[in-house]
Undergrad: 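Below is a structure I'd like to ask you about.
Each ligand, and each atom within it, is numbered from 1 in the order the structure gives. Values in this document were obtained by computation on a predicted structure and should not be read as measured data.
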Amino acid sequence: MKILVLNCGSSSLKYQLIDMTDESVIAKGLCERIGINGSLLTHQKIGSDKIEIKSPMPTHSEAVKLVFDALMNNEYGVIKSMDEVTAIGHRVLHGGTKFTESIIVDDDVKTAIRECFDLGPLHNPANLMGIEACEKVAANKKNVAVFDTSFGMSMEEKAYLYAIPYEYYEKYGIRRYGFHGTSHMFVSRETINFGKLKDNAKVIVCHLGNGGSVSCSIGGKCVDTSMGLTPLEGLIMGTRSGDIDPAIVQYICNKENKTVNEVLDILNKKSGVLGMSGGISNDFRDIEEAEKQGNHLAHIALEAFKYRVAKYIGAYIVAMNGVDAISFTAGVGENDKRSRKEICEYLKFLGVEIDDNENSVRSEKKLISTKDSKIKIFIIPTNEELAIARETKRLVG
Ligand code: AMP
């Protein structure tokens with residue numbers, strides 16, 4: 001069985017064709033500048049060089065058509081006909097409270113995705129465009145929507161409700177949803193399987209990339225997760241502030257004569273380690289480099305980032321009344337041994353011990369705690385595309 005996985009943005013479309021017999025990627029690529037002059041498809045048959053195809057893509061439909069053409073091409077394609085693709089899995093950002101799980105797309109599902117445009121204004125419209133393009137170009141294929149928010153749907157009211165007037169939840173659905181859900185679902189399950197843990201193991205996943213979030217789950221069911229109504233809540237990220245006193249918004253508005261929207265833009269795009277470091281970079285490698293050169297603000301930004309992650313881990317251990325394993329994933333989590341080590345140093349009093357040799361790796365699925373460590377610590381590379389493909393197979397297979 002071959003599954004096509006699509007992640008559509010407003011002017012882009014990322015894809016992978018995955019052979020589910022061994023879960024290997026057989027081709028992947030990216031359409032850029034959809035709806036803009038200069039549309040470009042970059043396609044790669046795995047094991048071969050990337051090729052570039054310049055062709056107009058006024059809408060996502062032309063992009064999907066070009067992707068299928070590339071997949072079926074005699075020279076750089078990997079399939080003979082569209083029949084070889086069993087189904088298409090779509091990354092969809094927001095499912096509101098309706099979707100606690102992935103689902104096969106029908107008219108009701110599309111209506112629900114549309115109803116969540118307010119909650120995911122940048123992503124949901126594009127995600128729906130991708131689905132509708134597939135319905136047009138590959139009319140006989142089943143489309144599966146895999147929501148980034150469904151992992152968070154198992155949170156209890158005490159975890160997902162904000163302490164604001166309840167009517168705002170009732171009227172507008174203002175609650176904590178959590179994001180990176182597909183990654184947290186994948187990594188928490190992989191942790192249990194790879195670590196040979198019991199089925200109802202208590203797992204904390206630290207997804208530390210340019211965006212960052214922490215989740216805790218029991219047996220793969222989310223108990224709590226650090227992002228909220230939007231991805232702004234929680235950790236200090238590349239450009240996002242994470243948790244702050246909401247009164248800061250009004251204070252900056254008054255002092256700088258800015259609108260709420262302008263300040264929120266600053267909190268989303270100019271804060272985090274970028275803002276704390278005095279504007280050095282949103283890239284953690286650049287901040288680490290500046291720290292090495294003796295830059296104090298870079299040092300403080302990294303310290304604050306790790307301190308915040310450790311505080312969330314502490315809170316989640318309490319929320320679950322214990323923890324069996326903690327996994328690190330995404331750009332920083334998978335690659336940065338120092339961040340992993342220093343975050344875990346906050347957990348020493350719980351008997352956590354990192355094995356420095358085992359920790360000296362990048363992006364490798366492995367146990368990095370010592371055999372005496374009271375809590376198992378893992379690196380588990382995330383793979384959202386594979387998670388989407390597995391969900392699609394589960395629903396159509
Ligand atoms: P992601 O959003 O998951 O792609 O992660 C991107 C972030 O991971 C960027 O800020 C990178 O600087 C960071 N990253 C990647 N490799 C390393 C590394 N070896 N050390 C520190 N940060 C890294």
Side-chain angles (χ1 to χ4, degrees), residues 5 7 9 12 14 16 25 28 30 91 93 122-123 148 151 178-188 190 205-215 225-227 230-242 268-293 295 297-310 312 327-345 354 356-366 368 377-388:
V5 176
N7 182 358
S12 68
K14 259 196 245 167
Q16 283 193 1
V25 179
K28 63 179 179 179
L30 168 70
R91 178 171 196 234
L93 180 81
L122 296 180
H123 296 87
D148 224 25
F151 183 71
F179 296 86
H180 295 145
T182 310
S183 173
H184 285 288
M185 174 183 76
F186 179 84
V187 175
S188 56
E190 285 288 297
V205 173
C206 303
H207 177 113
L208 310 178
N210 193 30
S213 57
V214 186
S215 72
T225 184
S226 62
M227 284 177 164
T230 76
L232 187 53
E233 191 177 340
L235 300 182
I236 296 172
M237 309 178 211
T239 62
R240 297 191 193 112
S241 63
N268 269 304
K269 298 186 184 146
K270 296 192 175 140
S271 300
V273 291
L274 169 69
M276 276 193 93
S277 66
I280 293 172
S281 173
N282 67 325
D283 192 300
F284 280 81
R285 282 167 293 198
D286 296 340
I287 309 276
E288 284 182 2
E289 198 43 50
E291 186 194 35
K292 268 191 216 142
Q293 310 295 324
N295 186 299
L297 289 182
H299 173 65
I300 296 303
L302 291 173
E303 290 291 292
F305 162 74
K306 289 174 266 203
Y307 176 64
R308 178 83 55 90
V309 177
Y312 264 96
S327 287
F328 288 93
T329 195
V332 179
E334 290 171 29
N335 295 301
D336 188 10
K337 63 179 179 192
R338 199 179 131 204
S339 286
R340 290 190 297 259
K341 167 101 175 154
E342 291 180 7
I343 289 166
C344 288
E345 265 163 19
I354 294 293
D356 289 332
N357 267 339
E358 301 296 322
N359 188 36
S360 292
V361 292
R362 283 189 179 182
S363 259
E364 223 180 87
K365 185 156 53 167
K366 73 186 307 209
I368 57 167
I377 313 290
F378 295 95
I379 304 170
I380 305 282
T382 192
N383 191 338
E384 289 174 81
E385 289 79 12
L386 179 55
I388 292 169

Undergrad: Tell me whether the count of non-hydrogen atoms from other residues, nucleotides or ligands lying under 6.0 Å of NZ in Lys28 goes above 12.
TA: no

Undergrad: Donor-acceptor pair, Ser339 side chain versus Asp336 backbone, under 3.5 Å?
TA: no

Undergrad: Take the angle between the ring planes of His180 and His207 and call it parallel below 30°, perpendicular above 60°, tilted in between.
TA: parallel

Undergrad: Checking side chain to side chain donor-acceptor pair (under 3.5 Å) for the pair Glu384/Ser183: CA distance, chi angles, key distance, verdict?
TA: CA-CA 5 Å; Glu384 289 174 81; Ser183 173; 5.0 Å; no

Undergrad: Under a 4.0 Å heavy-atom cut-off, what residues line ligand 1?
TA: Gly209, Asn210, Asn282, Asp283, Phe284, Arg285, Glu288, Ala330, Gly331, Val332, Asn335, Asp336, Arg362

Undergrad: Do Ser271 and Arg240 have side-chain heavy atoms sitting under 4.5 Å apart?
TA: no

Undergrad: Under the side chain to side chain donor-acceptor pair (under 3.5 Å) criterion, do Asn282 and Thr239 qualify, and how do the steps go?
TA: CA-CA 6 Å; Asn282 67 325; Thr239 62; 5.6 Å; no

